[in-house]
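Shown next, in structure tokens, is the structure this report addresses.
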Amino acid sequence: MSTPTKLFEPYKLGPITLPNRFVMAPLTRNRAVEGFVPGPLAAEYYGQRASAGLLITEASQISQQGQGYQDTPGIYSKEQVAGWRKVTDRVHELGGRIFIQLWHVGRISHTSLQVNNGAPVAPSAIRAKGKTFVGGTFADVSEPRALALEEIPGIIESFRLATANALAAGFDGVEVHGANGYLLDQFAKDGANKRTDAYGGSIENRAKLMLEVSKVVAAEAGADRTGIRISPVTPANDISDSNPQPLFDYIVDHLNALKLTYIHVIEGATGGPRDIAPFDYGSLRKRFKGAYIANNGYDFDLATKVLAADQADLIAFGKPFISNPDLVERLKRGAPLNEYDKNTFYGGGAKGYTDYPALGAALDAAQ
Ligand code: 8OZ
């Protein structure tokens with residue numbers, strides 16, 4: 001007999017009741033318009049997916065310095081706030097709930113995206129082996145410069161301002177992007193952080209920026225409306241750490257003390273193998289009293305199993321939500337899923353964005 005699934009049971013996430021355990025993972029789509037404002041189709045795209053228990057937006061830069069790819073939306077200007085307001089209004093009209101993911105890419109950027117074509121910033125002046133997408137093509141990321149100690153309060157303040165903007169735009173909460181080799185992950189992990197000041201060296205020092213940012217964001221939005229995404233062992237964007245278990249045990253203990261509403265954990269290599277390196281995710285689950293959102297390669301069976309074993313409270317699905325706006329309904333009915341088209345993930349218009357059919361539409365089209 002198959003295990004009954006908890007996927008369709010409600011869950012209380014702080015002050016917000018989610019009607020099911022589905023989270024739409026943050027997904028970069030590169031369709032922002034002039035001024036890095038969410039594009040004209042963004043409200044429709046997120047609205048189509050409003051049946052998810054919780055939507056998390058694509059990563060959105062907190063400042064121009066925090067941008068690393070072309071046409072990603074920001075959350076630092078009035079125009080961007082107005083653009084996002086259309087998205088949150090649409091999602092709320094349709095009965096949904098939506099958090100925004102706050103992003104600073106650090107060294108995963110290109111001079112062409114930076115103020116006055118300057119160098120991207122990083123904990124240390126070490127160039128990542130990796131590519132970004134700029135000017136319609138893939139390019140090596142640029143050589144970064146190490147942030148001066150005096151610049152760090154400004155980064156934290158940008159996260160705070162972005163949070164205030166997110167609330168003004170009508171978001172139900174915010175997710176700090178602490179994952180995938182971007183700025184906060186770069187500070188945390190010793191492959192990218194060779195600093196000798198208060199933000200480098202020991203686990204405590206390397207974790208400091210991620211925790212300071214989480215603290216100010218939570219003070220602004222409320223801890224019960226603040227989550228964070230982490231990826232302890234991912235090699236994404238050339239990131240590495242020599243000993244991730246004690247590092248993330250320490251980080252999660254301190255996130256717990258801040259009473260964040262969730263940790264959103266990418267288990268394994270982002271978008272790749274789950275078993276890339278040994279890591280005890282159960283240790284994070286035990287340490288953190290808020291919700292545990294599990295992510296990476298989940299399908300119905302694995303989600304059902306992990307929820308039944310109480311190893312997670314919520315499951316974040318990425319690519320399945322790109323091609324299935326009604327993923328919740330499809331899995332409830334055991335209906336087939338639409339295949340996704342990788343060629344339309346990043347950039348472009350409605351194709352591969354707002355034109356994936358929901359079940360009803362698919363049935364209508366077949367007649
Ligand atoms: C894919 C392409 C560009 C950025 C992440 C924000 O990995 C991203 C991202 C993913 O977190």
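Being a predicted model, the structure only gives us computed values, none of them experimental. Counting starts at 1 for both ligands and their atoms, in listed order.
- Distances from ligand 1 to the non-hydrogen atoms of His177 include at least one value under 4.0 Å.
- A donor-acceptor pair shorter than 3.5 Å can be found between the side chains of Ser283 and Asp249.
- What sits closest to atom 8 (C) of ligand 1 on the protein, heavy atoms only, is Tyr182 OH, 3.5 Å.
- Contacts with ligand 1 closer than 4.0 Å are made by side-chain heavy atoms of Trp103 only, the backbone lying farther away.
- Close contacts of ligand 1 with Tyr346, meaning ligand atoms under 4.0 Å from a residue heavy atom, involve 1 (C), 2 (C).
- Ion pairing between a basic and an acidic side chain is recognised when a charged N comes within 4.0 Å of a carboxylate O; Lys131 and Asp238 show no such pairing.
- Judged by distance alone, the side chains of His110 and Asp140 never bring a donor and an acceptor atom under 3.5 Å apart.
- Residues Tyr353 and Gln48 bring no donor and acceptor atom of their side chains to less than 3.5 Å of each other.
- In this model, no donor atom of one side chain and acceptor atom of the other lie less than 3.5 Å apart for Glu329 and Ser51.
- Atom 6 (C) of ligand 1 has as its closest protein heavy atom Thr28 OG1, 3.2 Å.
- With ligand atoms numbered from 1 in the order given, ligand 1 contributes 5 (C), 7 (O), 11 (O) to contacts under 4.0 Å with heavy atoms of Asn180.
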